[in-house]
Number of protein chains: 2
Amino acid sequence: MNAPEAEFIPRRSLHDELTARVRALITEGALAPGEKIPEKELCERFGVSRTPLREALKVLASEGIVTLRPNRGARVSALTAAELEEVFPVMGALEALSGEIACRHISDAEIAEIRALHARMVEHWRAGEREPYFRLNQAIHEAILEATRNETLKSMYRGLAGRLMKARYIANMSPERWAAAVAEHQAILAALERRDGIGLSAILKAHLAGKLATVKDWLERQEPPGNGAARQAD
Amino acid sequence: MNAPEAEFIPRRSLHDELTARVRALITEGALAPGEKIPEKELCERFGVSRTPLREALKVLASEGIVTLRPNRGARVSALTAAELEEVFPVMGALEALSGEIACRHISDAEIAEIRALHARMVEHWRAGEREPYFRLNQAIHEAILEATRNETLKSMYRGLAGRLMKARYIANMSPERWAAAVAEHQAILAALERRDGIGLSAILKAHLAGKLATVKDWLERQEPPGNGAARQAD
DNA sequence: CAACTGAATTATGAATTCATTATTCGAGTC
DNA sequence: GACTCGAATAATGAATTCATAATTCAGTTG
């Protein structure tokens with residue numbers, strides 16, 4: 001007889017859990033770009049030895065989130081303006097593709113789900129609440145990605161997005177840009193409802209260009225121009 | 001006094017070297033898809049302990065080349081037909097993008113270089129020499145990628161290509177498909193010389209579709225249809 | 001003789017230990 | 001007083017060790 005509740009799950013290995021945890025620390029800003037990653041402290045914090053943590057760091061390094069210099073430890077990768085210009089065309093291509101594919105597979109239920117997310121997001125926009133706006137915004141893009149049913153595309157896109165998904169970018173978005181972003185989202189929803197892959201593809205690409213502008217702007221304020229290399233540590 | 005030859009030299013860490021070595025073993029076919037990766041033997045073979053090897057395996061797993069099942073070790077990821085259908089649209093988008101960007105940056109010298117590679121490749125085609133044809137073919141695509149000057153794009157593309165860059169695919173390409181591929185390469189070269197990004201983009205996408213057909217065909221022969229899961233080991 | 005049980009073996013996951021390299025800090029020199 | 005050199009300290013990289021889970025295989029039972 002089989003176990004009544006097969007209960008797959010949490011067979012996650014330690015290093016796997018750690019990659020997720022450290023990644024979260026980084027994307028949530030607890031570890032700032034350029035900052036050194038203190039192996040010892042993280043080990044104590046999570047109550048694990050260095051071995052699995054180091055494995056996790058290697059993986060994050062291969063994702064580009066972390067930079068590893070031989071015998072000098074790990075640092076959070078600092079995104080330079082030049083790098084941004086590199087990343088965005090690639091994200092644009094993937095985002096466009098995701099829109100195209102999503103339209104071919106998305107169900108009515110999924111569209112309804114996104115419509116609901118969109119409505120809530122607009123509410124937060126009206127209320128000027130940036131934090132929850134950002135979360136819903138992200139949820140919508142995630143839902144579109146999910147609708148592609150393409151694991152490869154999902155993991156590629158997430159890998160790139162992970163390098164710049166900081167809630168704080170949105171903090172200094174101008175009201176005009178913000179309004180434009182909401183309008184773009186309106187168009188995104190409309191294209192989805194028409195299942196217009198080509199159209200959605202184009203809108204998403206434009207939408208991303210807007211985001212690029214926002215992030216570049218944010219970056220400027222972080223590293224005042226003329227200062228080639230950002231501060232190494234705090 | 002400084003050493004006469006500053007000799008940067010391979011300050012490469014062991015795990016880094018190992019990732020490359022094991023990756024090579026896989027893409028060159030020494031380790032077949034589905035096959036279990038014997039930690040112990042590889043350690044002896046390379047004369048290292050398990051720690052750096054395991055780190056390497058984690059990285060390869062994050063690239064998708066290797067599959068890690070908790071407490072059950074590592075296996076070379078077997079590419080299923082379904083997965084192929086997933087990977088190709090993404091590669092297509094990246095390949096198209098690389099053509100577009102390459103045309104904006106490529107130098108005359110680089111075009112000349114590619115022209116030379118192309119000429120040699122055509123010679124091998126005429127002679128029916130598949131192995132060297134394959135190498136030059138790969139070199140041309142690599143050169144285009146290089147011309148994008150976009151590290152992000154390069155590493156993304158290579159990551160995907162690594163999952164299906166097996167020289168052996170080409171072994172069962174039909175003469176007709178082979179001739180068509182050569183013709184496509186002719187068009188690729190022409191578009192490059194015109195620096196026609198849009199055109200190149202389209203040709204590369206079509207070219208990749210041809211490759212998809214070749215690989216699918218090859219895969220069919222490896223796993224006779226009706227046999228859902230490939231053999232686990234040999 | 002097939003199928004199951006459970007001990008022996010082996011492999012994996014993670015902690016610990018060891019060696020080597022960077023970094024810090026202080027003494028000595030110009 | 002600033003700089004250099006060098007010892008002490010701390011960190012990293014890799015090997016080893018230890019605990020645990022999976023696999024194998026012999027013995028048993030139906």
Side-chain angles (χ1 to χ4, degrees), chain A residues 1-3 6-22 25-26 31 34-62 65-77 229 231-234, chain B residues 1-3 6-22 25-26 31 34-62 65-77 229 231-234:
Chain A
M1 77 187 156
N2 288 339
E7 272 290 355
F8 276 111
I9 316 306
R11 301 284 298 211
R12 264 185 115 178
S13 54
L14 210 35
H15 88 267
D16 222 35
E17 185 67 31
L18 280 173
T19 28
R21 297 289 194 101
V22 177
L25 284 183
I26 293 173
L31 289 168
E35 197 174 335
K36 193 167 130 205
I37 298 175
E39 284 189 7
K40 207 171 170 186
E41 289 177 29
L42 287 184
C43 286
E44 286 165 11
R45 175 165 183 173
F46 293 126
V48 300
S49 79
R50 280 174 57 221
T51 310
L53 178 69
R54 302 185 88 255
E55 290 172 345
L57 291 177
K58 302 281 187 306
V59 170
L60 293 177
S62 87
I65 297 173
V66 150
T67 306
L68 244 41
R69 279 183 327 186
N71 291 322
R72 302 184 155 204
R75 286 179 177 280
V76 180
S77 302
R231 72 218 175 291
Q232 281 294 73
D234 301 333
Chain B
M1 70 184 159
N2 289 340
E7 278 285 359
F8 270 112
I9 307 303
R11 298 287 295 213
R12 262 181 118 182
S13 52
L14 210 34
H15 88 268
D16 222 33
E17 185 68 31
L18 279 173
T19 30
R21 298 290 193 98
V22 177
L25 284 183
I26 293 174
L31 289 168
E35 199 175 333
K36 193 167 130 203
I37 298 176
E39 284 189 7
K40 207 171 170 187
E41 288 176 30
L42 288 184
C43 285
E44 286 164 11
R45 174 164 184 173
F46 293 126
V48 299
S49 79
R50 280 173 58 220
T51 309
L53 177 68
R54 301 184 89 252
E55 290 172 344
L57 291 178
K58 301 282 186 307
V59 170
L60 294 176
S62 88
I65 297 173
V66 150
T67 305
L68 242 42
R69 280 183 327 185
N71 292 321
R72 302 189 157 198
R75 285 178 177 282
V76 180
S77 304
R231 74 223 171 288
Q232 281 294 71
D234 302 332

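For clarity, every value in this text was computed on a predicted model and none was experimentally measured. Proteins get letters first, then strands, A, B, ... in listed order; numbering begins at 1 in each.
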Which nucleotide, [options], lies nearest any side-chain atom of [X]?
X	options	answer
A:Arg72	C:dT23, D:dA14, D:dT12	C:dT23
B:Asn71	D:dG13, C:dT12, D:dA15	C:dT12
B:Pro52	D:dA14, D:dG13, C:dA11	D:dA14

Quiz item: A:Ser49 side-chain donor-acceptor pair to C:dA14 base, under 3.5 Å: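 Between C:dA14 and A:Ser49, which were checked side chain against base, a qualifying N/O pair under 3.5 Å is absent.
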Which residues share a side chain to side chain donor-acceptor pair (under 3.5 Å) with B:Arg21, sequence neighbours left out: B:Glu17
Please give, in whole Å, the distance from [N] [atom2] to [X] [atom1]?
X	N	atom1	atom2	result
A:Glu44	D:dA11	CD	C1'	14 Å
B:Leu68	C:dG13	CG	P	6 Å
A:Leu18	C:dG13	CG	C1'	12 Å
A:His15	C:dT12	NE2	C1'	13 Å
B:Arg50	C:dG13	CZ	C1'	7 Å
A:Glu39	C:dT16	CD	P	15 Å
A:Leu53	C:dA14	CG	P	12 Å
B:Leu14	C:dC18	CG	P	20 Å

First of B:Lys40 and B:Thr51 reached from the 5' end of DNA chain C, by closest nucleotide: B:Lys40
Do A:Leu42 and A:Leu18 have side-chain heavy atoms sitting under 4.5 Å apart?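 Not in contact.
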To the nearest 0.5 Å, tell me how far B:Arg75 CZ sits from B:Leu68 CG. 11.5 Å
Set of salt bridge (charged side-chain N to carboxylate O under 4.0 Å, His left out) partners for B:Arg50, sequence neighbours left out: B:Glu39
